[in-house]
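Structure incoming, see below.
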There are 2 protein chains.
Amino acid sequence: MKSDNIDTFIQECKSRGLNITYPRMAIYKILLQYKGHPSAEDIYKQVQKDHPNISLATVYKTLEMLVDNDLVAKVTPLHDIVRYDCNKDFHHHLVCIKCKKITDIENDALNHLPIPENIDKNFKIINYRVQFDGICKECQRA
Amino acid sequence: MKSDNIDTFIQECKSRGLNITYPRMAIYKILLQYKGHPSAEDIYKQVQKDHPNISLATVYKTLEMLVDNDLVAKVTPLHDIVRYDCNKDFHHHLVCIKCKKITDIENDALNHLPIPENIDKNFKIINYRVQFDGICKECQRA
DNA sequence: GTGGTTGCAAAAAGTTTGCAGGCTC
DNA sequence: GAGCCTGCAAACTTTTTGCAACCAC
């Protein structure tokens, strides 16, 4: 199964005209094996163990290339910088993936989602939020 | 209504033994008036227009104090640094607010949420995700 | 050989911190 | 007046960039 994924990855690279390189293979393998969601630094530390010559800049460049090619997802629901909100009511967000604009949604149905039952019983849920990603009116025109 | 909010804010500060200062008032007013969710930089730019002597460091310190006192919410669903995931399937997240660990949830009910009807019809929704915040088993013990 | 990729180092972007001076109560 | 708060500047963290050398095809 693991080699399946690597094979698929190689195919995906080839079909996009991307060279198959040592750093790429190493970084992608770590992503496959990693439990949880690593940061660039996490991946760098991990990759260093086997390949100390791979640089942090390469990790960043490779991750960016993987995201651009839709082979890896960036888990930063909103965006890269912290934003603030003085509306402390329970509410959800509509996020434009192009201009990054955030709009609040007040919706009662979303405020009463069933709590999933197949999660670790020992995880104490305090809160949740739903984020809709999409493209706003202005960015659709552009 | 706006002065209501300011009055409430002043009360909240007093009840917590926080001084009522010019920068605090100015920054909080901007948060009240701001459409969308500003970053620290956004707030700084805005506050500069009326009060060019207020520094960016003060904006950061004030925001941190507001968040610590639960007067303002930080809109950074996961955390402060970008994380990656090579599981591109539709899934949701369980996030420990203490140790920042992220766990995937696969849950069919969550994959079929009703799209809220009271949002801008011109916003094209591409995807959505649900994030549950809470405290994991390990952090509850600590 | 050609062009895509890498590594290094420097820089940019965002955020935090220490400390002297100033302001609120 | 006491102690909290602010401004400045410097430091720190995370990410990006430029460019020469290198490697895959």
Side-chain angles (χ1 to χ4, degrees), chain A residues 6 9-30 37-48 50-69 71-84 100 102, chain B residues 6 9-30 37-48 50-69 71-72 74-84 100:
Chain A
I6 281 288
F9 176 63
I10 290 173
Q11 300 245 319
E12 293 282 353
C13 284
K14 280 187 182 160
S15 74
R16 289 168 169 83
L18 296 164
N19 288 352
I20 312 300
T21 69
Y22 207 67
R24 275 173 193 173
M25 290 297 107
I27 290 167
Y28 192 77
K29 265 186 205 160
I30 285 172
H37 300 70
S39 65
E41 194 72 35
D42 292 336
I43 294 164
Y44 175 64
K45 273 185 207 145
Q46 200 65 32
V47 88
Q48 282 284 300
D50 289 327
H51 314 289
N53 51 321
I54 292 178
S55 74
L56 182 56
T58 298
V59 172
Y60 274 103
K61 285 173 186 164
T62 303
L63 288 171
E64 197 195 346
M65 157 266 175
L66 291 171
V67 172
D68 287 349
N69 283 281
L71 294 167
V72 159
K74 224 177 191 170
V75 181
T76 308
L78 292 184
H79 24 50
D80 34 12
I81 54 178
V82 175
R83 290 176 183 250
Y84 298 88
K100 312 290 187 196
I102 309 169
Chain B
I6 281 289
F9 177 62
I10 290 173
Q11 300 244 317
E12 293 281 354
C13 284
K14 280 187 183 162
S15 76
R16 287 167 170 83
L18 297 165
N19 289 351
I20 312 300
T21 69
Y22 207 66
R24 274 173 194 174
M25 291 297 105
I27 291 168
Y28 192 75
K29 267 186 204 159
I30 285 172
H37 299 68
S39 65
E41 195 72 36
D42 291 335
I43 294 165
Y44 175 64
K45 275 184 205 143
Q46 198 65 32
V47 87
Q48 282 283 302
D50 290 327
H51 315 290
N53 50 321
I54 292 178
S55 74
L56 181 58
T58 298
V59 171
Y60 274 103
K61 284 173 187 166
T62 302
L63 289 170
E64 197 194 346
M65 159 264 175
L66 290 170
V67 171
D68 286 349
N69 283 279
L71 294 166
V72 160
K74 223 175 191 171
V75 181
T76 307
L78 291 183
H79 24 51
D80 33 11
I81 52 178
V82 176
R83 288 172 186 255
Y84 299 88
K100 313 292 187 195

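A note on names: the letters A, B, ... follow the listed sequences, proteins ahead of strands, and every chain is numbered from 1.
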Discussion item. Using salt bridge (charged side-chain N to carboxylate O under 4.0 Å, His left out), reason through A/Glu41 and A/Lys45 one step at a time and then give a plain yes or no.
Written reply: CA-CA 6 Å; A/Glu41 194 72 35; A/Lys45 273 185 207 145; 5.3 Å; no
Discussion item. Rounded to whole Å, how long is the line connecting atom CG of A/Leu18 with atom P of C/dG3?
Written reply: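 Rounded to whole Å, this separation is 17 Å.
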Worksheet item: Base, sugar-phosphate, or nothing for A/Ile20, non-hydrogen atoms under 4.0 angstrom?
Response: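 Sugar-phosphate: the residue A/Ile20, judged by heavy atoms under 4.0 Å, touches backbone atoms but no base.
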Discussion item. Using only atom types and a distance under 3.5 Å, with no angle test, would you say the side chain of B/Arg16 pairs donor to acceptor with the backbone of B/Glu12?
Written reply: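 Such a contact is found between B/Arg16 side chain and B/Glu12 backbone.
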Discussion item. Using side-chain heavy atoms (C-beta onward) and a distance below 4.5 Å, is B/Arg24 in contact with B/Ile20?
Written reply: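 No, their side chains stay 4.5 Å or more apart.
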Practice prompt. For B/Leu63 and D/dT6, give me the distance from atom CG to atom P, rounded to whole Å.
Written response: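 About 11 Å, once rounded to whole Å.
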Discussion item. How many whole angstroms separate atom CG of B/Asn69 from atom C1' of D/dC5?
Written reply: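 About 14 Å, once rounded to whole Å.
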Discussion item. Under 4.0 Å from OP1 or OP2 of D/dT15: is there any side-chain N or O of A/Tyr60 that close?
Written reply: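 Checking D/dT15 against A/Tyr60, a side-chain N or O does come within under 4.0 Å of OP1 or OP2.
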Item to complete: Report the distance from atom CZ of B/Arg24 to atom C1' of C/dC25, rounded to the nearest whole Å.
Response: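 Distance, rounded to whole Å: 13 Å.
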Discussion item. I'd like to know if the side chain of A/Asp42 and the backbone of A/Ser39 have a donor-acceptor N/O pair within less than 3.5 Å.
Written reply: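 Indeed, once roles are kept as given, a pair shorter than 3.5 Å links the two residues.
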Discussion item. Whole angstroms only, please: what is the CD1-P distance between A/Ile54 and D/dC22?
Written reply: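 Rounding to the nearest Å, CD1 of A/Ile54 and P of D/dC22 are 17 Å apart.
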Worksheet item: Rounding to a whole Å, what distance do you find between B/Met65:CE and D/dC4:P?
Response: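 Those two atoms, CE and P, are 14 Å apart.
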Fill in: N or O in side chain of A/Thr58 less than 4.0 angstrom from C/dT6 OP1/OP2
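So the side-chain polar atoms of A/Thr58 never come under 4.0 Å of the phosphate oxygens OP1 or OP2 of C/dT6.
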Practice prompt. Looking only at side-chain atoms of A/Asn19, point me to the closest of C/dG4, C/dG7, C/dT17.
Written response: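 For the A/Asn19 side chain, the nearest candidate turns out to be C/dG4.
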Item to complete: Using a 4.0 Å heavy-atom cut-off across all strands, classify B/Thr21 as base, sugar-phosphate, or nothing.
Response: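 Since only primed, P, OP1 and OP2 atoms lie under 4.0 Å of B/Thr21, the category is sugar-phosphate.
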Item to complete: Using only heavy-atom distances, decide whether a donor-acceptor pair under 3.5 angstrom links the side-chain of A/Lys61 to the base of C/dG4.
Response: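 Check fails, no donor-acceptor contact within cut-off.
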Worksheet entry | Interatomic distance where CD1 belongs to A/Ile10 and C1' belongs to D/dA24 [whole Å] |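 It works out to 13 Å between those atoms.
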Discussion item. Under 4.0 Å, heavy atoms only, any strand: does B/Leu56 hit a base, just the sugar-phosphate, or nothing?
Written reply: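 Touches a base.
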Discussion item. As a test of reading the structure: which of D/dT15, C/dT16, C/dA9 is closest to the side chain of A/Ala57, going by heavy atoms?
Written reply: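 So the nucleotide nearest the side chain must be C/dA9.
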Discussion item. Between B/Lys14 and B/Glu41, which residue's closest nucleotide on DNA chain C lies nearer the 5′ terminus?
Written reply: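 Comparing both residues, the 5'-ward one is B/Glu41.
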Fill in: Ring geometry between B/Tyr22 and B/His51 (parallel below 30°, tilted from 30 to 60°, perpendicular above 60°)
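Correct class here is perpendicular.
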Item to complete: Could you state the atom-to-atom distance from CE of B/Met25 to P of D/dT6 in whole Å?
Response: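 Taking CE of B/Met25 and P of D/dT6, I get 10 Å after rounding.
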